[in-house]
Each structure stands twice: as structure tokens, then as C-alpha cells.
Protein chains: 2
Amino acid sequence: MDTLETRELRYFVAVAEELHFSRAAERLGIAQPPLSRAIQQLERRLGVTLLERDRRGVALTGAGQVLLDEARAILDGAAAAARRTRRAASTTTKLVLATKAGANHELLQRLLDAHTAEVGAVGAVEIEVLLCGMGDQARMLRDGRADVALMQRPFDALAGFDTEDLLTEQQVAVLPAGHPLAARTSLTMADIAAVPDLPVARWPRQDGIYEPGPGPEIHDLSQLAQLIALGHTSAVICASSRSWLWSSHVAVPLTDAPHVTTVLAWAAHSRSRAVAGLVRTAAGLVRTGARL
Amino acid sequence: MDTLETRELRYFVAVAEELHFSRAAERLGIAQPPLSRAIQQLERRLGVTLLERDRRGVALTGAGQVLLDEARAILDGAAAAARRTRRAASTTTKLVLATKAGANHELLQRLLDAHTAEVGAVGAVEIEVLLCGMGDQARMLRDGRADVALMQRPFDALAGFDTEDLLTEQQVAVLPAGHPLAARTSLTMADIAAVPDLPVARWPRQDGIYEPGPGPEIHDLSQLAQLIALGHTSAVICASSRSWLWSSHVAVPLTDAPHVTTVLAWAAHSRSRAVAGLVRTAAGLVRTGARL
DNA sequence: CTGCGGTGATACCGGCTCGGTATGACGGCC
DNA sequence: GGCCGTCATACCGAGCCGGTATCACCGCAG
């Protein structure tokens, strides 16, 4: 009497996201009445009202919001479980590593090299690199499409993952080559903020929403690169990302920007030998300890 | 065709733990044939053999082991979801804080005081302290019986939780008052290990198993305290735990033991206002920064 | 070798739940 | 005031779940 079925959670998430029974039912590929009934059942079982059915529309209650968060996590977990199980059964042990496209070039290269060198020919675990945009690594890890990911503190949401610190570095300001500030040898955050003609680009937050502000909204690095080259914006990125800069870009160290730590992250309860091996390799990389 | 139901996962976990269909069925309160069929269905759906049915006995395949881990996490998550949802609906916003019985007395006291002072009378979120043994906090957090927990790095398994560092401290050796080493002002790990008549007590690991060793197996602090007082064992604990020492105990600082950081931990995806508030309070505690 | 006990798998059957269709109650809007 | 759109209710058929009975297979004791 206490056990939430994933079917119910799927239904509830659909309704909670659409805030509309008929649309949610359509999305689920079922009719509206069974959906209504399923939600009622769920509410009765929990003894809690999850949705406030006001005339004209449905609203989440506080408890509903809590369950929505929980349910999403569970459904991701279930999808991940299926994927990981299937992958564990396939003979070719392949490890999927998710990383932000364009970031951490050199670190990734060194990690892959070290991994190849370490495992050698025996039990060769192939690593497949999965390039994704902004905050996608977290989702990839959560739903099992990736086994490990390179992520950056404090930018990425690391909650729920195990991590191993790999590299801590300064941030730099990236400016168009012609800009007055580009001639400086170092800058502060205040310097950048004080230039009204060069608003700093805005990244989406973890929920995909952009903070309000003057700068352009950025989706990927190539877009950013172009906008900087055009002299329309500037950006604050970590030092190692210099590798993708254009000749018309200039990177200037920022003295007071928070440091960025690139970490290797994996699903907390993963006990996979392959993941453990890669983590060990990565840890070794840090100990032998070249800084970029 | 892709969607794991929690019922199936419950069934699978039972079989995987018992390695015996009939016993598992009994534990689940159903008959054996439906259970067999459910597992077959699950295997067919995943396209993976999870169990190797050898004559006389069942064994987990690699994929089965993976699914077992995943399934446990999902089931804990589902139980947590139900509990948290119900709690969110109850009007009395109560926060359950889990902590190791006997550890972090003063820190906990300060945290509670600060919390009371901060929220004041308005929206008073009551905190219920849940004392638990060894590694129980993680389970409590995972299955939703607790909202936050005081845990210690590197002892506790923090994987999967968000954390806020509260206090880093040295460890001390606790010895019976009469022991020769008790007169020293500081010790090293080697000093302790070199005393054969006082084997260091052993705590259970995260899976509840004890590492082999000469020392007695410890379940809780009162048991430990008594054994030390009797001169049967010694222990290495963090400095703040001195508060529960008896008069017949002596605590000696250890110069080379790893530092212990007490952290406030909570479920990664928790967006509860109450939890967020307590975390902010705790962070403030650290900033104002008295060290014990 | 042969019955016995114990394993999981199969066959079949009844009941409950799920999903579909039809319809109702209720409020907003032209 | 009709019309539309919302979610809830009523009813019905099919499929799935769980139970009982039984089978196939193996180890073991006599």
C-alpha cells in the first residue's frame, strides 16, 4: 500500500509538467479518464492532494512539487538502470564519457592517453567520448547514457554524483582582439563589468533558464566564439579553454574570479570495474600532477 | 517496452538477495510461479539474462549485479519519495536531522541554537534529531526518513548527497587512563599500531562488514567507551567526540591521522525550503567561524 | 535402479486493474 | 444562453497478475 509504481510516477510527471490532464494524456498516449483515475489513486494512496484542480487549470501543491522532483529522479534512475544493465550484458565493455564540447581539450587528451597506456591491450575498455552542450552531462549521467563525465565546479550541478578532482585553474576573460582591455596583462571582474559596450555573455542556468542581463544568451561555444570575434560580447571561461580560441580573440587572466575545478564525475552507486579503473587512472594523473 | 516497474524491481531484488525463488516468493508474500514468470518477463524485456539458473541454486550474472545495485537505489528512492511527499503535505514543517549518536555534540548544539535564533518564531521549522548508529545516516537520507544528516568525511559514504562542510578537525587516540601511552602529549598512528596489548577497535565498513583484525568489533559508542575503560581496546576518533569520554579515558592528539570533516548532507535533489534554510544557517555558522 | 525431496518452469484459471468510450458537472466566453 | 473546454464519473472489455496443480530435472539414500 506504500509502493509507488513507476507507471504512476510517469503519469504524475506528465500531468505536473503539462498542468493539463488532456494534454498529458495525449503525451502519454492514453485517454484522459484513465489518467485522471490514476492520479486520484496515487493521491489516495499517499493520502495527499498533489494537484489543486481549480476551474480553468491545474496547479501543483507543495507536496506535488516535492513529488515531481522525486519522481523525475526516480524515472531517470529507472531509465539509467535499464541502460546500464543492458550495457553490462553486452560483451564489449565500452565506457561512455560525457564532456562539454570544446572544454578541457588537453585534460581529456591526457586522460584518454593515460587510460590507453594503463589498461594496455588486456581487457581493453574502449572509451567513447560523448560531446554535449552546457549542462547536459548531468542528465546523461543520471539517465545512464553516460558512465562518467568531465564537469566543472562550481558551474555544473554535481549533486548526486561521486567526483574526483582533476584540475583547478584560474579563469580568463576572453575579449575581441581590438578591444582596449585586451592589451592588459590582467583584469578583475569589476573591470569587465565596467565596460558597457561589451556585456558579458550569459549561460543558461542548470534549469535551462537564462538570468536576466544585458549580454547575449549563449548555447554553445562556437556561437560564443563568433560573438566575441564580432566584438559583441566577452566571456569568462577557465584557462584551459584557451585551446579553442580564434586568432581574433585575446585571453586575459582574471585575478579575482573564482577558481574552476574540473572533476571526473560518475553515478554515486556505480560499482562498475571499468568506471573504477578510469577513476584510478585519473587520480594517478593528478598525483603525477602536471598542471596545465 | 523499456520501462522498469518498481514491482518488478522489488521482485528481482528479493530473488537476487535470496538466490532462491521459493524463499524470495515467501518473503514477498506471493507464490513461486508468478515470481518466476515476473523475472522471466523482466529478462525478456531487457533482453538480458540476470540470473544463471544452475541446478541447485541461482547465481547473479554481471548484468544482474548491476541491476541489483540500481534497483536498490531506485527502491530506496521510491520509498523516500513517498515519505517526503507525505511529509511535505503535513502542515507542521518538521525537519529530521540524522546524526551519529554521541558524535558532534557541540557542533550540533551550535547548529540547533543558530537555527532557532535565525528562523525565530516565524515559520518556525522544528528540528527533530534522529540519533542513529554508524552508517545509518546515509540510509536514512536515501529512503527519506531523514532530511539532513551530520556525516563525516572520509568515514561516511557521501556519494549521492549534497554537502556543506562544517568543521575540520584532528583525530585523537582514546586510551584507558592507566595505559603507558596515555601519558604522552601526542602520538602517531604507528605508535598505536605498535601496541599489541591494545588492539584498535574496528568499525563496520559501509556495507556492514568488518575488516579482519585483532581489535573488537564495535557497534556503538557506549560499547566502545566501556571496552576502552576496561583496557581492552583503543580507538581513533575525531577531537570533538571528546565530549562523551569517561573519566577513565584519556584522549591524546594524533599528529599523522587524516583530518576528519564533519559535513551537513542532504538528498541531492531536495529543493525543500526548510533544508535550504538550515544549510544557509550552517554555512553562516562556518563563516562566523569559531573552531571547536 | 528407484523412489523421495527439492529446485525452477509450465499450464491453466479467476479476479482485479488498466485503458477505452460515452457522458456528466461546471465554469468561461462570445 | 448556447458553446466550448475543463476534469470527473460510469461502464465495459481485455490483459495481466497471482494462485493451484503439475511437470521436468537433479541429487541422494536405500
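In what follows, every chain begins at residue 1, and chains take the letters A, B, ... in the order their sequences are listed. What you see is a predicted model; the values in this text were computed from it and never measured.
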Let me spell it out: for each of B:P33 and B:R23, pick the nucleotide of DNA chain C with the closest heavy atom. Which residue's pick is nearer the 5' end? B:R23

All heavy atoms of B:S272 vs all of B:V275, minimum pair found to be OG-N, 3.0 Å

On a heavy-atom basis, which atom in A:A63 and which in A:T49 lie closest, and how many Å separate them? CB-O, 4.3 Å

Spacing of [X] atom [atom1] relative to [N] atom [atom2], expressed in whole Å:
X: A:L35; N: D:dC7; atom1: CG; atom2: P; result: 9 Å
X: B:E26; N: D:dG19; atom1: CD; atom2: C1'; result: 16 Å
X: B:R44; N: C:dT10; atom1: CZ; atom2: C1'; result: 13 Å
X: A:E52; N: D:dC7; atom1: CD; atom2: P; result: 14 Å
X: A:Q32; N: D:dT9; atom1: CD; atom2: C1'; result: 10 Å

Distances for protein N/O vs nucleotides 15-18 of chain D N/O pairs under 3.5 angstrom?
from, atom 1, to, atom 2, distance (Å)
D:dC17, OP1, B:R7, NH2, 2.8
D:dG18, OP1, B:Y11, OH, 2.8
D:dG18, OP2, B:R7, NH1, 3.0
D:dG18, N7, B:R37, NH2, 2.4
D:dG18, O6, B:R37, NH1, 3.3

Given A:D69 and B:R84, is the salt bridge (Lys or Arg N to Asp or Glu O under 4.0 Å) satisfied, shown in steps? CA-CA 11 Å; A:D69 292 339; B:R84 295 211 182 96; over 6 Å; no

Side chain A:R53, main chain A:L51, donor-acceptor under 3.5 Å: yes

Under-3.5 Å donor-acceptor pair between B:Q40 side chain and C:dA9 base: no

Find out whether B:L75 and B:R10 are in side-chain contact, i.e. whether some heavy atom of one side chain is under 4.5 Å from a heavy atom of the other. yes

